[in-house]
Engineer: 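Sharing a structure here in structure tokens format.
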Amino acid sequence: IIKKWFSFFILFIICSTSAFASGVVQRIFTASDGLISGTVWDISFDAHGFTWLATEEGLYRVSSSKIRRLDQVGLDAKLSDNLIKLVSPLSEQHLLVSSFYEIYLYDIYSNTFTAFGSDELFPEYAGLGITAQIEDDSGHRIFLTGEGELLRFDYAKMSLERVNFLTSNQDYPWRAISVISDNRIVVATEGRIEIRDAAGERVSVLPWLENYGRIEQIFRDSNNRLW
């Protein structure tokens, strides 16, 4: 929720097994709490009880008592780009963090960012940040990057490999991905949906008419239906 004073609302829903219990607890964070931007691109929750916010102006960690910006110390930026699009826990120690241009492995314990493509981590990688990601049947992460590159990331083995490079149109970039049976994936631009096999090769193109509207994201529900 964006207001001119950059307030952000976090709603904690307290529920019982049969119905909502005591209702909603509302916390309001503003610039005075340290949250510079109210434009939040992604939210995740780690095993330590922290809430992580990927925002247009950096990465924030929210606890029960305060909010802290992690990508900047004073006026010194730790990252090359402060528009953070994705934050996702990998373990108790690491988060996957992505801006538009870069992908990072963030170490919670040491409070350090290591960029994909750096000397320390996947030095051969020279691509952009993550547009969307999924987890396949083997537990690997499949990344869709801003250039249309499909990557397979194995956190346990700390390996990264290219699956395929999708034909890309700069005016209609790939923006969504989901997984279906047999490790097949669905990828989409705002007006095109394709099914790809485990190697990223195109299997089919699903019909999508202009009057259907624009595709923003793909969701898979508990019955494995895609929306």
Side-chain angles (χ1 to χ4, degrees), residues 37 39-48 50 52-61 68-73 76-168 170 173-179 183 185 187-189 196 198-200 217-218:
S37 175
T39 303
V40 176
W41 290 100
D42 196 18
I43 301 176
S44 66
F45 307 92
D46 69 16
H48 304 284
F50 293 118
W52 296 86
L53 309 178
T55 82
E56 201 165 74
E57 290 289 338
L59 177 69
Y60 293 84
R61 186 184 69 192
R68 179 186 176 193
R69 184 170 181 178
L70 276 301
D71 66 304
Q72 186 170 299
V73 178
D76 297 326
K78 292 184 178 181
L79 309 182
S80 60
D81 179 13
N82 61 5
L83 198 166
I84 309 300
K85 300 295 292 291
L86 178 145
V87 56
S88 178
L90 296 170
S91 67
E92 291 188 0
Q93 181 176 358
H94 290 121
L95 298 176
L96 180 69
V97 176
S98 182
S99 66
F100 182 81
Y101 294 104
E102 302 279 356
I103 307 173
Y104 300 92
L105 187 69
Y106 175 69
D107 191 314
I108 296 173
Y109 298 153
S110 64
N111 188 25
T112 55
F113 294 87
T114 305
F116 284 34
S118 65
D119 292 338
E120 296 81 13
L121 186 63
F122 311 130
E124 72 284 356
Y125 182 67
L128 295 180
I130 300 169
T131 296
Q133 64 159 343
I134 55 172
E135 190 170 317
D136 66 17
D137 295 341
S138 303
H140 303 146
R141 303 282 182 113
I142 305 296
F143 301 155
L144 174 63
T145 74
E147 300 172 295
E149 189 173 12
L150 289 174
L151 302 167
R152 181 177 290 107
F153 174 57
D154 186 335
Y155 172 66
K157 296 180 179 179
M158 201 55 68
S159 65
L160 183 72
E161 63 174 328
R162 176 185 288 176
V163 177
N164 211 319
F165 218 123
L166 309 183
T167 302
S168 186
Q170 197 170 23
W174 298 100
R175 60 171 59 191
I177 185 172
S178 188
V179 65
N183 274 335
I185 60 174
V187 292
T189 67
R196 301 257 174 170
Q217 296 186 48
I218 302 175

Engineer: Flag the pair Thr131 / Trp174 as yes when at least one side-chain heavy-atom distance between them is below 4.5 Å, and no otherwise.
Structural biologist: no
Engineer: Any cation-pi pair here, Arg141 with Phe153, using under 6.0 Å and within 45°?
Structural biologist: no
Engineer: Which atom pair, heavy atoms only, marks the closest approach of Ala176 to Leu144?
Structural biologist: O-CD2, 3.7 Å
Engineer: Is there a side-chain contact between Trp41 and Leu83, using heavy atoms and a 4.5 Å cut-off?
Structural biologist: yes
Engineer: Taking C-beta and beyond as the side chain, do Met158 and Leu105 meet within less than 4.5 Å on heavy atoms?
Structural biologist: yes
Engineer: Report yes if the side chains of Val97 and Leu70 come closer than 4.5 Å at any heavy-atom pair, otherwise no.
Structural biologist: no
Engineer: Looking only at heavy atoms, what is the nearest atom pair of Ser110 and Thr112, with distance?
Structural biologist: OG-OG1, 2.7 Å
Engineer: Quick one: does Ser44's side chain have a donor or acceptor within less than 3.5 Å of a partner on Val87's backbone?
Structural biologist: yes
Engineer: Quick one: OG1 on Thr114 to CG on Asp119, what's the gap to the nearest 0.5 Å?
Structural biologist: 11.0 Å
Engineer: Verify salt bridge (Lys or Arg N to Asp or Glu O under 4.0 Å) between Asp71 and Arg69, making sure each step is shown before the conclusion.
Structural biologist: CA-CA 6 Å; Asp71 66 304; Arg69 184 170 181 178; 2.8 Å; yes
Engineer: If you define the side chain from C-beta out and look only at heavy atoms, does anything of Glu92 sit under 4.5 Å from Tyr109?
Structural biologist: yes
Engineer: What are the two closest heavy atoms between Leu96 and Gln133, and how far apart are they?
Structural biologist: CD2-OE1, 3.7 Å
Engineer: Roughly how far, to the nearest 0.5 Å, is the CZ atom of Phe165 from the CG atom of Leu150?
Structural biologist: 9.5 Å
Engineer: Looking at every non-hydrogen atom in both residues, tell me the closest pair between Tyr104 and Ser99 and how far apart they are.
Structural biologist: CE1-OG, 4.3 Å
Engineer: Tyr106 vs Asn111, test: side-chain hydrogen bond (donor to acceptor under 3.5 Å, both in side chains). Steps then yes/no.
Structural biologist: CA-CA 7 Å; Tyr106 175 69; Asn111 188 25; 2.6 Å; yes
Engineer: Which distance, rounded to the nearest 0.5 Å, do you find between the OG of Ser138 and the CG of Asp154?
Structural biologist: 9.0 Å
Engineer: Would Glu149 and Phe143 satisfy side chain to side chain contact (heavy atoms under 4.5 Å, CB included), going step by step from the backbone distance to the final call?
Structural biologist: CA-CA 8 Å; Glu149 189 173 12; Phe143 301 155; over 6 Å; no
Engineer: Are the side chain of Asp136 and the backbone N or O of Val179 linked by a donor-acceptor pair below 3.5 Å?
Structural biologist: no
Engineer: Classify the ring geometry of His48 against Phe50: parallel below 30°, tilted from 30° to 60°, perpendicular beyond 60°.
Structural biologist: tilted
Engineer: Quiz question: by atom type and distance under 3.5 Å, do the side chains of Gln93 and Ser91 form a donor-acceptor pair?
Structural biologist: no
Engineer: Taking the side chain as every heavy atom from C-beta outward, state whether Thr145 and Tyr125 have any pair of such atoms under 4.5 Å apart.
Structural biologist: yes
Engineer: For Pro89 versus Phe45, what's the shortest heavy-atom pair and its separation?
Structural biologist: CG-O, 3.4 Å
Engineer: Rounded to the nearest 0.5 Å, how far does OG of Ser88 lie from CG of Asp42?
Structural biologist: 7.5 Å
Engineer: From Leu53 CG over to Ile84 CD1, what is the distance, rounded to the nearest 0.5 angstrom?
Structural biologist: 11.5 Å
Engineer: Are Thr39 and Thr55 close enough, and set up right, to give a side chain to side chain contact (heavy atoms under 4.5 Å, CB included), and what steps lead you there?
Structural biologist: CA-CA 6 Å; Thr39 303; Thr55 82; 5.9 Å; no
Engineer: Would you say Tyr101 has more than 12 foreign heavy atoms packed within less than 6.0 Å of its OH?
Structural biologist: no
Engineer: For Asp81 and Glu102: C-alpha separation, side-chain torsions, deciding distance, then whether side chain to side chain contact (heavy atoms under 4.5 Å, CB included) applies.
Structural biologist: CA-CA 8 Å; Asp81 179 13; Glu102 302 279 356; 5.5 Å; no
Engineer: Tell me whether Asn164 contacts the main-chain N or O of Leu166 through its side chain, where contact means a donor paired with an acceptor under 3.5 Å.
Structural biologist: no
Engineer: Are the side chains of Ile130 and Lys85 in touch, meaning some heavy atoms are under 4.5 Å apart?
Structural biologist: no
Engineer: For the residue pair Phe116 and Phe122, does the interplanar ring angle fall in the parallel (under 30°), tilted (30 to 60°) or perpendicular (over 60°) class?
Structural biologist: perpendicular
Engineer: To check you understand the geometry: which heavy-atom pair defines the closest contact between His94 and Tyr155, and what is its length?
Structural biologist: ND1-OH, 2.7 Å
Engineer: Quick one: does Leu151's side chain get under 4.5 Å of Glu161's, heavy atoms only?
Structural biologist: no
Engineer: Please test Ile134 against Ile185 for side chain to side chain contact (heavy atoms under 4.5 Å, CB included), starting from the C-alpha separation and ending with a verdict.
Structural biologist: CA-CA 9 Å; Ile134 55 172; Ile185 60 174; 3.6 Å; yes
Engineer: Would you give the length of the straight line joining atom NZ of Lys157 to atom NE2 of His140, rounded to the nearest 0.5 angstrom?
Structural biologist: 6.0 Å
